[in-house]
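As a basis for the values below, the full set of heavy atoms in this structure was taken, side chains included, without hydrogen atoms, waters or symmetry mates. Everything numeric here is computed off the predicted structure, so don't read it as measured data. The first residue in the sequence is number 1, and the count goes up from there.
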Amino acid sequence: MPYGDYQNAIYFAGLSGVVPKLPVDYASLKARAEAAMPRSVLDYVQGGCGDEHTQDVNADAFRHWGMVPRMLVDCTSRDLSVDMFGLTLPSPIFMAPIGVTGICTQDGHGDLAAARASAETGVPLCASTLANDSLEDVAKACGDTPAFFQLYTPKHPGLAESLVARAEAAGYKALVVTLDTWVTGWRPRDLNTANFPQLRGAVLENYFSDPVFRELLGKDPRDDIRAAVMLWAGLFGKVLSWDDLEWLRGLTKLPIVLKGICHPDDARRAADAGIDAIYCSNHGGRQANGGIAAIDMLPGVVEGAGSVPVLFDSGIRSGTDVVKALALGATAVGIGRPYSYGLALGGADGAAHVLKSILAEADLLMAVNGMPDLAAVRAAGAVRTDRA
């Protein structure tokens, strides 16, 4: 079924008096989530670095990019599939890694809910190292939909090796290594309430269940949560350099993706080093308040990457944003905050609704713009304008 048919399902249900349980637009979804989510979780999900200028411009900058429609093109059927990591995926979006997904649902199992939404929609989940459920259980809940594993590389090499080996054994299809979070950026929303969920024992199940971590601790983490958390804090965040790429490659046969690349020269160097994919992202403005929107850096990264696939996130709020990022050269586009709001409001069904809405909007935009497939989207490109 074409993704755009989701709107027909909504309209026809309306004939029987049924309206969507959750909004289909980001602004309304965000407002509903703000009214429903616990303040501590909401602040962590919404908060950015410094005065949050970067995370704001990440979203606003999409308004400065536009696409020119083409007419008299047969778009009665659209192909949104992409080839990546040896897989043919039905759509170009994936669920970006979010470290507090586990506490976005009331039952504390948001990671499993996200995985079930992935299984329902066919949208891959990039599962975070920081989770309330083990990476093995999350992979199982994804069903037949491929999943990727995001790694916060620990300082202890044995623990890093264990986490990567577990991810490979669990069936994840790629290893996404985050580069920009060996230390946490200055986040006033969390600092003003002295709230850091991990230090309270949240989303650390992948560590607490890891044999190397448990051996280092010398006891069951649940018998001494404080000691386990302090060990985690001491092990989190290895500073990676270009010299570490050979070591990372030696850990796994999985495709390796470097997340956080924003400079064309870094993209070029990663490609020359044989990295399988580059992930252009400024962490949604949560880590550094540099002031440049990620979407504005994407074209340079794509150029530097050459033939290497480029994943993208930061500021994506709609299907229109997705298509613009694809037009600027992204191979696949990560959805972040929107699906976390869906989880908070409706669990797996809520997240699936958000993903279906984003895909429907993207599909219908391509139809109206005369672009039957992603090759046509990329050929058309996007135009930078000074008008918001």
Side-chain angles (χ1 to χ4, degrees), residues 2-11 20 22-31 55-71 73 75 77-82 89-96 121 123 280-282 284-285 293-299 302 310-342 351-388:
Y3 294 116
D5 283 357
Y6 192 51
Q7 78 166 359
N8 295 335
I10 293 173
Y11 285 140
L22 297 181
V24 300
D25 66 293
Y26 178 76
S28 300
L29 182 74
K30 176 174 176 282
Q55 76 167 17
D56 292 340
V57 299
N58 271 344
D60 292 343
F62 280 89
R63 299 182 181 184
H64 294 278
W65 291 96
M67 301 186 69
V68 180
R70 302 301 300 268
M71 297 295 108
V73 180
C75 291
S77 62
R78 278 86 58 196
D79 181 4
L80 276 70
S81 66
V82 296
L89 304 172
S91 85
I93 70 170
F94 63 95
M95 302 167 76
T121 61
V123 174
C280 178
S281 167
N282 63 13
I295 191 65
D296 291 341
M297 296 186 281
L298 175 61
V302 170
V310 175
L311 285 64
F312 175 83
D313 76 18
S314 299
I316 297 291
R317 301 291 183 262
S318 67
T320 297
D321 293 344
V322 169
V323 176
K324 289 179 181 180
L326 295 168
L328 291 173
T331 303
V333 180
I335 312 300
R337 286 182 178 92
Y339 90 76
S340 69
Y341 293 152
H353 167 76
V354 169
L355 297 172
K356 290 175 184 178
S357 297
I358 288 172
L359 283 171
E361 181 182 351
D363 184 33
L364 292 169
L365 178 65
M366 288 172 56
V368 173
N369 273 1
M371 299 169 188
D373 54 33
L374 299 186
V377 170
R378 295 189 178 98
V383 179
R384 176 78 192 212
T385 172
D386 293 332
R387 296 181 179 180

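Contact of the Pro92 side chain with the Leu374 side chain is registered, since non-hydrogen atoms from C-beta on lie closer than 4.5 Å. Val377 is listed as a side-chain neighbour of Met366, based on a closest heavy-atom distance under 4.5 Å. Side-chain contact between Tyr341 and Leu22: absent, with no pair of heavy atoms (C-beta onward) separated by less than 4.5 Å.
A search for side chain to side chain contact (heavy atoms under 4.5 Å, CB included) contacts involving Ala362 returns Val323, not counting sequence neighbours. Listed by chain and number, the residues in a side chain to side chain contact (heavy atoms under 4.5 Å, CB included) with Ser357 are Tyr6, Val24, His353 (sequence neighbours excluded). A search for side chain to side chain contact (heavy atoms under 4.5 Å, CB included) contacts involving Pro69 returns Met71, Asn369, not counting sequence neighbours. Residues satisfying the ring-ring contact (aromatic ring centres under 6.0 Å, His included) criterion with Tyr3, sequence neighbours excluded, are absent altogether. Taking the side chain to side chain contact (heavy atoms under 4.5 Å, CB included) definition, one finds that Ala380 meets it with Met371, sequence neighbours left out. Residues passing the side-chain hydrogen bond (donor to acceptor under 3.5 Å, both in side chains) test with Asn58, sequence neighbours excluded: Asn282. Residues meeting the side-chain hydrogen bond (donor to acceptor under 3.5 Å, both in side chains) test with Asp25, sequence neighbours left out: Ser28. Arg384 pairs by the salt bridge (charged side-chain N to carboxylate O under 4.0 Å, His left out) definition with Asp296, not counting sequence neighbours. With sequence neighbours excluded, no residue forms a side-chain hydrogen bond (donor to acceptor under 3.5 Å, both in side chains) with Thr331. Contacts of Asp56 classified as side-chain hydrogen bond (donor to acceptor under 3.5 Å, both in side chains), with partners at least two apart in sequence or in another chain: none.
Listed here is the closest heavy atom pair of Gly381 and Met67: O-CE, 3.7 Å. The shortest non-hydrogen separation linking Pro338 to Ile316 is CG-O, 3.7 Å. Of all the heavy atoms in Gly342 and Val354, the pair that sits closest is CA-CG2, 3.9 Å. Nearest heavy-atom pair across Ala294 and Cys280 is O-SG, 4.2 Å. When all heavy atoms of Gly370 and Pro372 are compared, the closest pair comes out as O-CD, 3.6 Å. Minimum interatomic distance between Val123 and Ile93 (heavy atoms only, all atoms of both residues): CG1-O, 3.5 Å.
For the pair Arg70 (side chain) and Ala376 (backbone), a donor-acceptor distance under 3.5 Å is absent. Judged by distance alone, the side chain of Tyr339 and the main-chain N or O of Ala96 form a donor-acceptor pair under 3.5 Å. At distances below 3.5 Å, not a single donor-acceptor pair connects side-chain atoms of Asp5 with backbone N or O atoms of Asn8. When atom types are taken as modelled, the side chain of Ser81 and the backbone of Pro90 share no donor-acceptor pair closer than 3.5 angstrom.
Screening residues 353-363 for salt bridge (Lys or Arg N to Asp or Glu O under 4.0 Å) gives Arg78-Asp363, Glu120-Lys356 as the qualifying pairs, with residues at least two apart or on separate chains. Residue pairs meeting the salt bridge (Lys or Arg N to Asp or Glu O under 4.0 Å) criterion with at least one partner in residues 310-338, sequence neighbours excluded, are absent.
A side-chain contact (heavy atoms from CB on, under 4.5 Å) with Phe312 holds for exactly one of Val322, Ile295, Val302; it is Ile295.
To the nearest 0.5 angstrom, Leu298 atom CG is 11.0 Å from Ser281 atom OG. Taken from CD1 in Ile335 to OG in Ser340, the straight-line distance is 11.5 Å, to the nearest 0.5 Å.
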> Going through the distances and angles, do Leu328 and Trp65 end up as a side chain to side chain contact (heavy atoms under 4.5 Å, CB included)?
Replying inline: CA-CA 9 Å; Leu328 291 173; Trp65 291 96; 3.6 Å; yes

